Amino acid sequence: MRRTLALLISGSIVALGVTTLMLTGTLSDAIRPVDYTLRTVRDTGAINAVTAILFDYRALDTLGEATVIFAASSVLAFLAPRSSASMLSVRLSMLILYGIAFLLPFIMVFGFGTIVFGHVSPGGGFTGGVMLSSSVVIFAVVYSVGGQQSYVLPILVKKYVENAAMFVFVSLGFIGLFSGGAYLANALTGIPLGEPGSLLSGGLIPLLNIATGFKVGMGLALIIISLFAE
Amino acid sequence: MVVTVVTALAAVVRLMLGPSLVDRIVAGSVIGTMLFALILLFGLLLDEPMMIDVALVYSVLHFADMLIYAKFLGRHRGFM
Amino acid sequence: MILREILSAGFLGLAMFFFLVTAVGLFRFRSSYARLHIAGKCLTGGALSSILAYLVVAPRAAVFARLVIAALLLLFTNALGTHAIARGAHHTGVDIDTLESNSMEGTPFDPRRGPR
Amino acid sequence: MIWVTLALVTLLVVIAFYAVICRSVIAAIVAVGVFSFVVSAIFVALRAPDVAMTQAVVGAGLTTAFFVIALDKTEAADDQESR
């Protein structure tokens, strides 16, 4: 009960902070949607134009989407009773159990790679996060037999990881605010953009990618597992 | 490539008139794998190796879908 | 280089042949398990052939490695997925023995199975 | 190349009509999953791998999983006449 109370308080504090920042934040520095595909590499140092738009030009919108998933997973983690899951009661065969045990680490590594290389190749935080959550969901689907559920991580650990990633995302935005730019600004803050195409490029974009990836992955895994457990 | 699309169309017809649920799921999986091959062929023709990442993601999600369908099938007896 | 391209074209033709066989098999077979069988075998062969067709003309080592990973993933996921679906179908009670277990397109009611 | 894209769009229309028309819910769910796969392939044909990846992830992975779980929770899956 104290844990749920603490989670509730931390979640509401984050939500309040996000709301205030949205109200006070980026009213300056509006960018007209003219030639994103021409300017992205020069402006942000990221090759992937979609990631550049998501995490540089329109980072505040991404924060809003992340808040939606955050709120949904928070509510589901509180409200869903942890009864025995009816859909998970079917036993799959031994072949699938061993095959998944062989296959699952590759899926996880691929998800992490999609997150980390999000600004130089297709993918990014959301895609890699959904890959991570799909690996968690496959684990829960395959290895939960007969009413007792088995997870990769306990639910509270998922919740804490998600909270921490949300906190990192919000606090990374303050770098722009403290160095004279707007909230979640990237190139204005003086962070070196690096060589376009290498792993360490794009300023804040890889960090925001990693934070979003963990947040989305843990949040969606939490939502789907809560729906399984009804 | 044209052959791939035509065979995918054939699989769509099977998806439409497949009498049982298993046939529909099989047709869906056939279309998924054919489009996986089609994406690889697009990468080969357009000379963009980035497409392989898309195909990999595709394959993994396809697999997750098939597992969830299998769970659903195993749960509902007499559903066919 | 020309040998590689000829090999690639050959693999592409093989892939198209496998896909055609899959489409024919989806229509000609009467039972769900036979369709699952052709989805598990011929389709994997076709997709693997198209991966090989890219593999022999792969320009860089990174592309080669990713294609090898894609081939392994395809082998595992297709086989495991069709196996899982076949097992689920067996649990739900689709008959194996009757060849015409799915020949009830026109009939609205089958007394053995209940209404469609 | 343009003909392949057009053929894929035709496929898309056929699948969309089937998903609307068909009477079984789970068949509609399968059709919607296939639909988003085809949309993703069209994005690849139009040289937008990022959008294709996001579409494949969200449409094919998440939506299908949510729909199947939700159908499993409802009574309609056990009901024979509801197909």
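Remember, predicted model here, so these are calculated numbers, not experimental data. Here is the naming used below: chain letters follow the sequence lines, and residue numbers restart at 1 for every chain.
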What distance separates [X] [atom1] from [Y] [atom2], expressed to the nearest 0.5 Å?
X	Y	atom1	atom2	value
B:I25	C:T82	CD1	OG1	12.5 Å
B:L40	C:L55	CG	CG	10.5 Å
C:I69	B:I52	CD1	CD1	10.0 Å

For this session: Name the region of B:L44, side chain, backbone, both or neither, that has any atom closer than 4.5 Å to a heavy atom of chain C.
Result: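 Both backbone and side chain.
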For this session: Below 4.5 Å from any heavy atom of chain C, which atoms of B:D65 appear? Answer side chain, backbone, both or neither.
Result: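 Contact with chain C: none, neither part.
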Testing the basics here: between [X] and [Y], what is the closest heavy-atom pair and its distance to 0.1 Å?
X	Y	answer
C:F19	B:A37	CZ-CB, 3.6 Å
B:S59	C:T77	OG-OG1, 3.9 Å
C:L43	B:S29	CD2-O, 4.1 Å

Problem set entry | Which of C:G81, C:A53, C:G46 touches chain B most, by non-hydrogen pairs under 4.5 Å |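 The candidate making the most pairs under 4.5 Å is C:G81.
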For this session: Determine, step by step, whether B:V26 and C:I38 satisfy the side chain to side chain contact (heavy atoms under 4.5 Å, CB included) criterion, reporting the C-alpha distance in whole Å, the side-chain angles of both residues, the deciding distance to 0.1 Å, and the verdict.
Result: CA-CA 10 Å; B:V26 169; C:I38 205 163; over 6 Å; no
For this session: Answer whether the closest heavy-atom distance between the side chains of C:I51 and B:F36 falls below 4.5 Å.
Result: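 With C-beta onward as the side chain, the pair touches.
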Exercise. Can you tell if the side chain of B:M66 reaches within under 4.5 Å of the side chain of C:I85, non-hydrogen atoms only?
Worked result: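 They are in contact (side-chain heavy atoms under 4.5 Å apart), so the answer is yes.
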For this session: I would like to know whether C:L74 and B:T33 meet side chain to side chain contact (heavy atoms under 4.5 Å, CB included); could you show each step before the answer?
Result: CA-CA 9 Å; C:L74 182 84; B:T33 314; 4.2 Å; yes
Exercise. Measuring heavy-atom distances to chain B, does C:V24 have an atom under 4.5 Å in its side chain, in its backbone, in both, or in neither?
Worked result: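 Interface part for C:V24: neither.
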